[in-house]
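Shown below is the structure under consideration.
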Amino acid sequence: MVLLVPHYRIAEAAGLLGVSDDTVRRWVDGGQLRAQRDSAGRLVVDGAELAEFARDQARSTPDPSGVGRSARNRLVGLVTEVLSDRVMSQVEMQCGPHRVVSLMSTEAVHELGLRPGVLAVAVVKSTNVVVETPGEA
């Protein structure tokens, strides 16, 4: 069985990278990102190359906590909403383009001083991450 690496048109690559089509075209024209023509003559980017480029371009916000942890997935962001009852709270954060929602005790929310506008770090333990791929239409 041969697995083909997907190719992405310029607009698709731009959407995945969170930039404009023109930015991707500039990267291609400037030689920072390679592209080729598909059988229909459209400019496309190899999926593996796009993934490597995305990783190289990623700029994470420095973690202000200065704490060492075994969890590698640390997302720095701002608390945008806190919904609490007597026992549990839902804390929503915006970490760059990513919305992260956490459930924790209301006691923890008070101890950490979590409220909209507070800088916080969401730590995700990778053993609890679900990975999905798009279904075929």
Side-chain angles (χ1 to χ4, degrees):
M1 180 164 104
V2 176
L3 295 176
L4 298 177
V5 175
H7 287 83
Y8 296 95
R9 293 191 313 262
I10 296 298
E12 293 171 321
L16 291 167
L17 296 172
V19 298
S20 71
D21 297 10
D22 288 339
T23 296
V24 174
R25 285 189 191 91
R26 278 193 296 276
W27 286 333
V28 169
D29 292 344
Q32 294 129 309
L33 182 62
R34 282 190 320 176
Q36 65 244 12
R37 299 277 175 191
D38 66 8
S39 60
R42 297 175 298 208
L43 204 54
V44 295
V45 178
D46 175 82
E49 186 158 334
L50 184 62
E52 183 178 342
F53 184 81
R55 184 178 53 227
D56 292 343
Q57 291 296 309
R59 291 178 183 87
S60 61
T61 304
D63 185 339
S65 67
V67 175
R69 289 193 183 93
S70 64
R72 299 292 181 237
N73 303 303
R74 304 163 67 90
L75 304 165
V76 178
L78 293 172
V79 175
T80 57
E81 186 173 15
V82 178
L83 301 172
S84 298
D85 65 21
R86 282 190 39 207
V87 178
M88 294 299 295
S89 293
Q90 175 180 307
V91 177
E92 183 175 315
M93 295 175 57
Q94 193 66 40
C95 303
H98 306 287
R99 176 178 170 258
V100 177
V101 179
S102 177
L103 300 176
M104 65 183 75
S105 70
T106 297
E107 179 181 18
V109 166
H110 294 306
E111 286 177 3
L112 293 170
L114 298 177
R115 64 190 180 286
V118 169
L119 179 67
V121 180
V123 180
V124 180
K125 189 66 178 169
S126 61
T127 55
N128 296 321
V129 175
V130 176
V131 176
E132 300 177 335
T133 59
E136 295 297 319

d(D21 CG, E12 CD) to nearest 0.5 Å is 10.5 Å
Any donor-acceptor pair under 3.5 Å linking the side chain of S102 with the backbone of V91?
no
Is it the case that one hydrophobic cluster holds both V123 and L119, taking links as side-chain heavy atoms less than 4.5 Å apart, direct or via other members?
yes
Let me see the working for R99 and Q94 under side chain to side chain contact (heavy atoms under 4.5 Å, CB included), right down to the final yes or no.
CA-CA 5 Å; R99 176 178 170 258; Q94 193 66 40; 4.0 Å; yes
So, using side-chain contact (heavy atoms from CB on, under 4.5 Å) as the criterion, who are the partners of R34 when residues are at least two apart?
E49
Interatomic distance, D56 atom CG to Q32 atom CD [nearest 0.5 angstrom]
11.5 Å
If the threshold is 4.0 Å, N to carboxylate O, is there a salt bridge linking D22 and R25?
yes
side-chain hydrogen bond (donor to acceptor under 3.5 Å, both in side chains) pairs touching residues 106-124, sequence neighbours excluded, are S89-T106
Looking at CG of L78 and CE of M93, how far apart are the two atoms once the value is rounded to the nearest 0.5 Å?
7.5 Å
Same cluster (ILVMFWY, side-chain, under 4.5 Å), V19 and F53
yes
Does one hydrophobic cluster hold both L16 and L43, with members joined at side-chain heavy-atom distances below 4.5 Å?
yes
Are Y8 and W27 connected in a single hydrophobic cluster, I mean Ile/Leu/Val/Met/Phe/Trp/Tyr linked by side-chain heavy atoms less than 4.5 Å apart?
yes
Please name the pair of heavy atoms, one in A54 and one in L17, separated by the smallest distance, quoted to 0.1 Å.
CB-CD2, 3.5 Å
Same cluster or not: L33 versus I10, using hydrophobic residues (I, L, V, M, F, W, Y) connected whenever any side-chain heavy atoms lie under 4.5 Å apart?
yes
Kindly compute the distance separating CD (Q90) from CE (M104), expressed to the nearest 0.5 Å.
10.0 Å
L75 to C95 - nearest heavy-atom pair and separation
O-SG, 3.6 Å
